[in-house]
Amino acid sequence: MRDVAVIGVGCTEFGEHWGTSFRDLFVKAGALALEDAGVTGENLDALYVGNMSAGRFVEQEHIGALIADYAGLATNHVPSTRVEAACASGGLAFRQAVIAVASGMEDIVVAAGVEKMTDVGTGASVDMLASAADREWEGFAGATFPGLYAMIATDYMHRYPLTREQLAEVAVKNHENGAKNPIAQFRNRITVDTVLNSSLVADPLRLFDCSPITDGAAAVVVVPLERAREFTDSPVRVLASAQASDTIALHDRRDISTLDASVAAGKRAFAQAGLAHRDIDMLEVHDCFTIAEICAIEDLGFCKKGEAGRLTAEGATALGGAIPVNTSGGLKACGHPVGATGIKQIYEIVSQLRGEATGRQVDAEIGMAHNVGGTGATVVVHILGA
Amino acid sequence: MRDVAVIGVGCTEFGEHWGTSFRDLFVKAGALALEDAGVTGENLDALYVGNMSAGRFVEQEHIGALIADYAGLATNHVPSTRVEAACASGGLAFRQAVIAVASGMEDIVVAAGVEKMTDVGTGASVDMLASAADREWEGFAGATFPGLYAMIATDYMHRYPLTREQLAEVAVKNHENGAKNPIAQFRNRITVDTVLNSSLVADPLRLFDCSPITDGAAAVVVVPLERAREFTDSPVRVLASAQASDTIALHDRRDISTLDASVAAGKRAFAQAGLAHRDIDMLEVHDCFTIAEICAIEDLGFCKKGEAGRLTAEGATALGGAIPVNTSGGLKACGHPVGATGIKQIYEIVSQLRGEATGRQVDAEIGMAHNVGGTGATVVVHILGA
Amino acid sequence: MSVSRFWRKIPQRYNLIGTRCTTCGRYFFPPRSLCPDCRRSGKIVDHKFNGEGTVVTYTVIRSASDQFENTTPYVLAVVELDEGPRLTTQIACPPEEAKIGMRVHSVFRRVAADGESGTIHYGTKFVPAE
Amino acid sequence: MSVSRFWRKIPQRYNLIGTRCTTCGRYFFPPRSLCPDCRRSGKIVDHKFNGEGTVVTYTVIRSASDQFENTTPYVLAVVELDEGPRLTTQIACPPEEAKIGMRVHSVFRRVAADGESGTIHYGTKFVPAE
Ligand SMILES: [Zn+2]
Ligand SMILES: [Zn+2]
C-alpha cells in the first residue's frame, strides 16, 4: 500500500444558498481545491463524491457522473463514484479516495462532499434525515433524528453526571469557534442561556443543541505521498483511515450512550497510525447534536465515559485548551450539509496543520476527523499529520 | 497492487418479491455467496453495496450499514459502504471491492447489489428511474428513461442500416437465454412478432424492447488471488476493472448513438488485462433496452458501428454463436433490479467460467461484464478469467 | 410509506410478531431472518411477544415530520421486551409521567396519518402498566 | 419539483438564457458555470439564445411519468440551437410530423402539472418553423 497525502482543499461558504444550484455548489468547491493543489482538471484520475440524499432533496441520483460532467471532466471520461452513508458520506468519500490512491490504481484523486438541503421544507427535511436511521422500525414509530439523539442524552444523563448546562457549553464553544471561521453558517457568539432558553425539540435537546439545515460543498485532492512535493511544499499525510459499522437502529445497540462504531473505528485508526491519544493535537468530531460531541470525545478514548461534559465546561476542548475540538465551529456552528461535512472536517484539519486557520489557529501537527452516519451505524475516522 | 479473485457468488431469483422486504432480499443473496465461498460472516473485512434509489423506493438511505446489520455483521463492526451510479451501482460496488482488496487494505470483501422496485407504482418508478438522467434538463422537459434510449434508437436507425426486426431479435435471443436461467424473471420464449405487436412505449421502442421493473439481490466474495485457493478450487481472476464517465445528459454527448464512456472503459479494460477482443469468450452487456445491447457490442469494439443488428439476426451473439452475449437473459429477460444488475453480471460470468451454467453453458475461459448508468454517464467494464 | 411496504409487515406491526433463533434461543424484534450469532446454522421461527416491557430511555418529541405533526408532543421510547429484544415505540402517556425503568405493555393504536396517500397507519404503541 | 428549485432557473427555463465562455466562444445551454475546455481560465457570461434550431433526434413518448401522463403522446427531441448547444425539449407538433433535420423555434408553454403541489410549470417548448 502506498502512503497518501492531501495536497489541496476547498470549501464553499456553508449556509442557505438560495441562488445556487446543487451542481454549482460542487463546481465552486472543486475549483477551489484544484486551485489550492495547483492541479488542473485534465490531470485528475478519479473523483469520489459523498452525498446523502440528492435523490430526495433534488430528485437526482447518479451524482458522481453529474458532478464530473459539470466540473468539466466528462470529456476525459474521468471515473466518478458516489458513496453514501447518510451523514458520514463525506468521510467515506475521502476514505475511498485514499484507498484508490493507496492501491496504485489512481494517482490524482478528488474527494468531495455536497448537499443541497434547503430546496425542501422543514417537515420534509426532518423526514429525509430520518432515513439515515431505520425507516421501518424507528421512523415508523415517530422517531425523528433529533429524537434519537435525545434518547441517547436521556440515557447518558441518567447514568453519568452530565448537567444540562455542561451540554450547552458544547454549543457555546462551537459558536465561539464558528465566529472565527469565514465559511461558518453561524458566526454569532451565544451563551449557555441562549441554549437553555431556546425551544425544546426533543427533550432534553433544544434548538441550540442541534446542527442546522445547510447547503454546502467541500473538496480535497489526494495523491501518493511520493508525488506530493511536485504540487505543494506543505503536503498533509493521511496517517490512518478507518471505518466501522453498527446496527442501523439505536434500540439494537449494546449500549445506548456509547457509539461502538466510534470506539471500533477509533481503535483501528490509532493502530494503523501507530499513535496514542497524546499524539493527537486537535479533533474535528461529529457534533450533529451537543450530546454527540460529548459521546465522540469519550468513545474515541480522549477521556473516560462521563467526563467530557466537565472537561468541556472547564475549557479543555476550546481553542486554547488541552485538546481543541471542532475548531471549525463543528456541525453546530459551521453548519451541516450532510454529505459535505466529512470533507469539511478534512478541510479544517489541513487548514490548521498548514497554519492557515487565521483567527482560530491552534498549535497542531496531528489532527483526527470523526464522521458519523445516522446515530452511529457508520463511523469513519481519519488521522492526518503535517 | 495485488491480484484479486472471486471465490463465491450468490443471487436471489429476480422478479416481483411481494412478500420479501429490501433487507431480506439482500440477506438471501449474501448468505448464498458466503456459502458458495466457504466463508463465514466473522471473517469478512468489508462490504460494498450497490443500490440506486432505496431513498425513494423504500425511503431508506444509509443502505451500507442497514445491510451489514441485517447480515449479522454489526457485532464485528465490519465497514460497509454504499456506492451509487444509477443502473451501474452494482458494477461500481464490485469495482470498489476489487480496489479495496488490490490496495492491501482488506482481504475478504463482499460486493453486493440490491434493489426493491415493486413497492411503488409504475408512474412513480418511471419518475425515479428518470433521476438516473438529468432531472433538471431532461426530466423537466418530459424525458422518460425509455424515451432517452428511444432517441438513441431514432438517431441510430437514421444513420445505420438497422431494421426494426433486427432490433427485436435482441429481445428474442435474450428471452431464449432467460428461459434456460433458473433465476430469470421471464422464462418464456418470444418471437419477433411478440416484440413488434407489443405496445409502443417511446417510438420506435415497444414494451418488449424494455427491461422490466424487478426486485432482486446478488452478492460475490473477492479475496487476494494468493489466498483464493484456501477457499476454492475454481477461483475466477479479475483481469481488469475499468470505469468511465460522460455527460449526465444525452443531448450533451459527442455522438447520440455512441456511448463514449463504453468506448473509454472498454479500451481501459483491454489495456489493463493485456487482452484483445478475440480473447473474450462471452459478454454480459447492459441491455436495459434492445438498442442498448446493439450499441454495447459496437462501442466495446466487437464489431463496427452499424453491424451488431445484422450479427444478432444471424445468431452470432446467441449461445452457440461466435460471441455469446447475455447468456443470463440479460436485463431484458433475467430482469433489472437496477442496483443488483452489475453484480448479477459477475455472477453469470463466474457461473459460466466455472462450468455451472447448466442448460445455457457456453465454452468460455474469459468473460467481460459491461454495466451502464443512466444513458451512459457511467460505464463500468470488468474482465474475468478462469 | 407505500401501501405494499406497510402491509407486508402488518402481522409484525399489529401483533408484535418477531422471530426467534431456536439454535441459540435469542429473540428478535424487529424480526430478523438471520441470527447474527448463529448465522447460517441458526434456525429462525416466528414468535409472538407478550408485549410486556420496560422503558430503557425516552424523549418527548416536540417537532415532528409531517406525518406526525398533528400528534406532538408525544413520548418516544426504547422499550426492552421481557424476552430481551428492544424496540422503538411511542408511549401513550402524558410527557411528564415518562420515566426510565417504567413498566409498560403493548396496545394496538393509530400510529400515523400519511399525508400523501391519506392512509391511516395502525400499529403497536405501549402504555404504562398498572 | 420543489418550488425553489423551479424558480431558481426561471430565467433559463422561460427565456432560454444560458451561458457563454468568452475565452473560447463556446455556448452552453443548459447553462454551465465552468467551461469544460477552458476550466478556470474560462470567463462565463449569460447569453440569451435566439431560439432557432434543428431536430437532432426525437421520439414520441406514449407512457410518461405521473406529471406528464395527461399530455401523452408527445414528441420529445434533442434540438441543436443555431449557436451550437443541444437541449432536450418537447416539440409541439403532431407525432407523425416530427423528423430529423426539421427546423424549429422556441415558444413559451405550459410544460407539466405537478401532482404533489398542484403547481403548473411553464417553460420552453419548440414548434416547427414555417
Ligand atoms: Zn442464534
Ligand atoms: Zn471556454
Given A/R2 and A/D107, is the salt bridge (charged side-chain N to carboxylate O under 4.0 Å, His left out) satisfied, shown in steps?
CA-CA 10 Å; A/R2 301 195 294 184; A/D107 260 20; 3.0 Å; yes
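- The structure places CG of B/L239 at 11.0 Å from NE2 of B/H382, a figure rounded to the nearest 0.5 Å.
- Counting heavy atoms from C-beta on, the side chains of B/L66 and B/F26 never come closer than 4.5 Å.
- Here A/F145 and A/Y149 bring their ring centres to under 6.0 angstrom of each other.
- Of all non-hydrogen atoms in A/V372 and A/S262, the two that sit nearest each other are CG2-OG, 4.5 Å.
- Between the side chains of B/Y48 and A/Q96, at least one donor N or O lies within less than 3.5 Å of an accepting N or O.
- Per-residue counts of heavy-atom pairs under 4.5 Å with chain B were compared for A/A65, A/A46, A/S241; the largest is that of A/A65.
- No side-chain heavy atom of B/I248 sits less than 4.5 Å from a side-chain heavy atom of B/W137.
- Ranked by non-hydrogen atom pairs under 4.5 Å with chain B, the options A/A242, A/G373, A/A102 are led by A/G373.
- Looking at B/N76, the atoms closer than 4.5 Å to chain A (heavy atoms on both sides) all sit in the backbone: N, CA, C or O.
- Per-residue heavy-atom pair counts under 4.5 Å with chain A were compared for B/S89, B/S245, B/P79, and the maximum is reached by B/S245.
- Neither side chain, B/T81 nor A/R95, offers a donor N or O lying under 3.5 Å from an acceptor on the other.
- In this structure, B/T20 OG1 and B/K116 NZ are separated by 6.0 Å, a value rounded to the nearest 0.5 Å.
- Each of A/L92, A/V380, A/I99 has some count of heavy-atom pairs under 4.5 Å with chain B, and the biggest count is that of A/I99.
- Taking each heavy atom of B/H370 and B/V379 in turn, the nearest pair found is CD2-CG1, 3.8 Å.
- When the candidates A/Q243, A/R254, A/M105 are compared by the number of heavy-atom contacts under 4.5 Å with chain B, A/Q243 comes out ahead.
- For a residue to count as touching a neighbouring chain, one of its non-hydrogen atoms must lie under 4.5 Å from one of that chain's; by this rule B/A68 touches chain A with the side chain only.
- Contact count versus chain B (heavy atoms, under 4.5 Å) is highest, among A/M1, A/E106, A/R253, A/Q272, for A/M1.
- Applying a 4.5 Å heavy-atom cutoff, the residues of residues 263-271 of chain B that approach chain A are B/A264, B/R268.
- No other option in B/T378, B/L47, B/L73 has as many heavy-atom pairs under 4.5 Å with chain A as B/T378.
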